[in-house]
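Heads up: the structure comes next, in structure tokens.
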Amino acid sequence: MTYFSAECFSGECGFCYNCCSNEQEKKDTTPENYKRSIDIKKLYNKRMDEITDDYWKMMIQKTKKLGYKNPEDNGRIRKKIVINEGTYFKLYDKDNKHNMCCHSPTCLAMYNNAHEYEKKKKYSVLPIYVNEKTDKNQCYLCLQNNI
């Protein structure tokens with residue numbers, strides 16, 4: 001299978017399916033955010049550890065300030081975040097741990113770069129917000145940066 005980068009905006013990059021398509025090749029149906037996470041991982045390969053460390057420092061600092069420990073013991077963290085009139089995210093608070101990941105390309109790149117132990121221990125207690133209309137998940141930091 002031929003790998004194409006995520007769809008470009010200009011139509012002139014020469015790397016994505018739209019710019020390089022060949023009638024004999026099938027279009028890659030992988031979700032765009034996952035393709036972008038692979039692109040980010042390739043671009044920031046040597047810096048991924050630094051980016052991940054910065055992310056965890058900021059996440060720990062903000063969640064500690066709000067008293068967040070895990071999805072059940074969520075302290076004073078916001079239970080619902082509204083982006084605009086039709087888009088809102090609700091905090092996942094059903095189990096002590098979850099197996100969800102943020103759909104942001106940068107977070108997906110960090111998650112895919114992480115060891116299985118980290119995925120089970122660290123990522124399973126992150127404050128994850130779920131958009132019930134689109135089934136998209138976002139972590140607290142990504143939503144805070146969108147607002």
Side-chain angles (χ1 to χ4, degrees), residues 1-10 13 15-20 25-147:
M1 179 178 169
T2 305
Y3 174 80
F4 293 107
S5 65
E7 305 293 325
C8 73
F9 302 105
S10 67
C13 73
F15 297 111
C16 71
Y17 177 80
N18 288 339
C19 296
C20 301
E25 296 173 355
K26 293 181 182 176
K27 185 172 181 176
D28 188 7
T29 58
T30 307
E32 186 176 344
N33 63 333
Y34 188 76
K35 285 197 265 185
R36 291 201 186 279
S37 75
I38 292 170
D39 295 344
I40 287 172
K41 190 175 173 184
K42 288 178 182 177
L43 287 170
Y44 295 120
N45 189 23
K46 294 181 180 178
R47 289 193 53 226
M48 277 310 292
D49 290 337
E50 179 186 334
I51 292 168
T52 303
D53 289 344
D54 291 344
Y55 172 85
W56 282 109
K57 285 176 190 173
M58 196 177 316
M59 180 64 82
I60 290 169
Q61 177 187 22
K62 292 197 180 227
T63 56
K64 190 180 260 187
K65 191 183 293 185
L66 295 169
Y68 181 90
K69 293 180 182 167
N70 60 51
E72 285 183 337
D73 186 8
N74 49 38
R76 298 180 317 276
I77 200 164
R78 292 169 62 180
K79 310 298 186 244
K80 183 177 178 181
I81 297 179
V82 178
I83 303 296
N84 56 38
E85 290 178 21
T87 308
Y88 65 91
F89 291 83
K90 290 176 75 174
L91 179 67
Y92 176 83
D93 60 356
K94 294 181 176 81
D95 297 321
N96 195 20
K97 293 189 177 200
H98 55 73
N99 62 354
M100 295 186 284
C101 178
C102 178
H103 286 155
S104 159
T106 305
C107 285
L108 273 174
M110 290 186 299
Y111 182 79
N112 290 331
N113 196 47
H115 187 273
E116 287 299 317
Y117 178 81
E118 284 182 310
K119 290 177 183 179
K120 289 179 182 173
K121 294 294 181 182
K122 285 180 158 182
Y123 287 90
S124 64
V125 295
L126 277 177
I128 295 287
Y129 290 81
V130 179
N131 183 326
E132 294 171 353
K133 290 182 182 176
T134 62
D135 289 330
K136 297 275 183 185
N137 303 330
Q138 293 274 274
C139 70
Y140 180 71
L141 286 183
C142 289
L143 281 175
Q144 288 298 103
N145 292 334
N146 281 340
I147 294 177

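Only heavy atoms go into these numbers, but all of them, side chains included; no hydrogens, no water, no symmetry mates.
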By side-chain contact (heavy atoms from CB on, under 4.5 Å), Met100 pairs with (sequence neighbours left out) Tyr92, His98, Ile128, Val130, Asn137
Under the side-chain contact (heavy atoms from CB on, under 4.5 Å) test, which residues partner Asn70, sequence neighbours left out? Glu72, Asp73, Asn96, Val125
Sequence neighbours excluded, which residues qualify as ring-ring contact (aromatic ring centres under 6.0 Å, His included) partners of His103? none
Set of residues satisfying ring-ring contact (aromatic ring centres under 6.0 Å, His included) with respect to Tyr88, sequence neighbours excluded: none
I need the minimum non-hydrogen distance between [X] and [Y], along with the two atoms involved.
X      : Y      : result
Ser37  : Pro105 : CB-O, 3.2 Å
Lys65  : Arg76  : O-NH2, 2.5 Å
Cys107 : Cys101 : O-SG, 4.4 Å
Ser104 : Gln138 : N-NE2, 3.5 Å

Apply side-chain hydrogen bond (donor to acceptor under 3.5 Å, both in side chains) to Asn84 and list each qualifying residue two or more places apart in sequence or on a separate chain. Thr87
With sequence neighbours left out, write down each residue that passes side-chain hydrogen bond (donor to acceptor under 3.5 Å, both in side chains) with Asn113, or none if nothing qualifies. none
Could you grab the distance from atom [atom1] of [X] to atom [atom2] of [Y], nearest 0.5 Å is fine?
X      : Y     : atom1 : atom2 : value
Lys42  : Ile40 : NZ    : CD1   : 12.5 Å
Thr106 : Met48 : OG1   : CE    : 7.5 Å
Lys41  : Ile38 : NZ    : CD1   : 8.5 Å

Pairs in or reaching into residues 91-115: which pass salt bridge (charged side-chain N to carboxylate O under 4.0 Å, His left out), with residues at least two apart or in two chains? none
Mind checking salt bridge (Lys or Arg N to Asp or Glu O under 4.0 Å) for [X] and listing every partner two or more places apart, or none if nothing turns up?
X      : result
Arg47  : Glu50
Lys136 : none
Glu85  : none
Lys64  : none

Could you tell me if the side chain of [Y] sits less than 4.5 Å from the side chain of [X], heavy atoms only?
X      : Y      : value
Asn112 : Tyr34  : yes
Ile81  : Gln144 : yes
Leu126 : Thr63  : no

Between the side chain of Arg78 and the main-chain N/O of Tyr140, is any donor-acceptor distance below 3.5 Å? no
Quick one: does any side-chain atom of Lys79 pair with a main-chain N or O of Ile77 as donor and acceptor, under 3.5 Å? yes
Lys119 atom NZ: more than 12 heavy-atom contacts under 6.0 Å: yes
Enumerate the residue pairs fulfilling ring-ring contact (aromatic ring centres under 6.0 Å, His included) with a member in residues 107-137, sequence neighbours excluded, ordered by first and then second residue. Trp56-Tyr123, Tyr111-Tyr123
Between Asn74 and Leu66, is the side-chain contact (heavy atoms from CB on, under 4.5 Å) condition met? List the steps. CA-CA 8 Å; Asn74 49 38; Leu66 295 169; over 6 Å; no
Is the shortest distance from a Lys or Arg side-chain nitrogen in Lys35 or Glu32 to a carboxylate oxygen in the other one below 4.0 Å? no
